[in-house]
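Numbers here are sequence positions counted from 1.
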Amino acid sequence: MAHILFGFAFTFVTAMVVIAGDYVIKLAADGNQPMWSGFVVLGVALYGVSALFWFYAMQHVSLAQAGVAYSMLTLIALAVIGAVAFGEPLYAREYAGLGCAVLAMLLMSRLA
């Protein structure tokens, strides 16, 4: 059980680091900053760091479990950030997609 919890914890950290990278790259894109601006470089560096956490996540859970957990976390967090920080609207289909992501995570979890 602890093995799986470590895997999901590393998956969670991976997702949070990637989300931070996505956020700063979105700031750069919305600010019309050049490709080599500080925000873009920081975002790329965060993506690189996330690969290290992803490596450790995959040592503890299956690729399918890690992939579904990562996808669910990033979908939910990026939808919330888009709506709250960038004023992007969420429609019924987005809410349905978020619900499907949560359901997929529940279906893919193997706790035994």
Side-chain angles (χ1 to χ4, degrees):
M1 180 70 155
H3 199 60
I4 289 173
L5 292 177
F6 278 124
F8 284 130
F10 280 118
T11 301
F12 177 79
V13 171
T14 300
M16 294 302 108
V17 172
V18 168
I19 290 163
D22 289 343
Y23 180 76
V24 296
I25 287 176
K26 175 70 171 168
L27 289 174
D30 282 358
N32 292 322
Q33 296 188 12
M35 179 67 96
W36 297 110
S37 71
F39 279 145
V40 175
V41 171
L42 175 60
V44 170
L46 287 168
Y47 291 158
V49 168
S50 75
L52 300 174
F53 289 109
W54 191 240
F55 171 80
Y56 289 113
M58 289 190 289
Q59 288 183 330
H60 299 283
V61 292
S62 73
L63 184 57
Q65 289 173 312
V68 170
Y70 172 84
S71 297
M72 180 200 64
L73 292 167
T74 56
L75 279 171
I76 292 170
L78 291 175
V80 170
I81 290 170
V84 173
F86 297 104
E88 299 172 354
L90 292 175
Y91 300 105
R93 69 173 184 226
E94 282 90 3
Y95 287 112
L98 294 170
C100 288
V102 172
L103 181 59
M105 179 61 200
L106 292 173
L107 292 171
M108 292 296 294
S109 294
R110 293 184 216 150
L111 298 178

Can you hop from [X] to [Y] via hydrophobic side chains spaced under 4.5 Å?
| X | Y | answer |
| --- | --- | --- |
| Val61 | Tyr56 | yes |
| Phe53 | Leu78 | yes |
| Val24 | Val40 | no |

Output the distance between atom [atom1] ([X]) and atom [atom2] ([Y]), rounded to the nearest 0.5 Å.
| X | Y | atom1 | atom2 | result |
| --- | --- | --- | --- | --- |
| Leu75 | Tyr70 | CG | OH | 9.5 Å |
| Ile25 | Gln33 | CD1 | CD | 11.5 Å |
| Leu98 | Arg93 | CG | CZ | 12.0 Å |
| Ile19 | Leu73 | CD1 | CG | 6.5 Å |
| Trp54 | Leu63 | CH2 | CG | 6.5 Å |

Does Phe55 have more than 12 heavy atoms from other residues, nucleotides or ligands lying within 6.0 Å of its CZ?
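No, not enclosed.
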Using 30° and 60° as the class limits, which term best fits the ring planes of His60 and Phe10: parallel, tilted or perpendicular?
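Ring orientation of His60 relative to Phe10: parallel.
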Glu94: salt bridge (charged side-chain N to carboxylate O under 4.0 Å, His left out) partners, not counting sequence neighbours
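By the salt bridge (charged side-chain N to carboxylate O under 4.0 Å, His left out) rule, Glu94 matches no residue at all.
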side-chain contact (heavy atoms from CB on, under 4.5 Å) evaluation trace for Asp22 with Tyr47:
CA-CA 9 Å; Asp22 289 343; Tyr47 291 158; 2.3 Å; yes
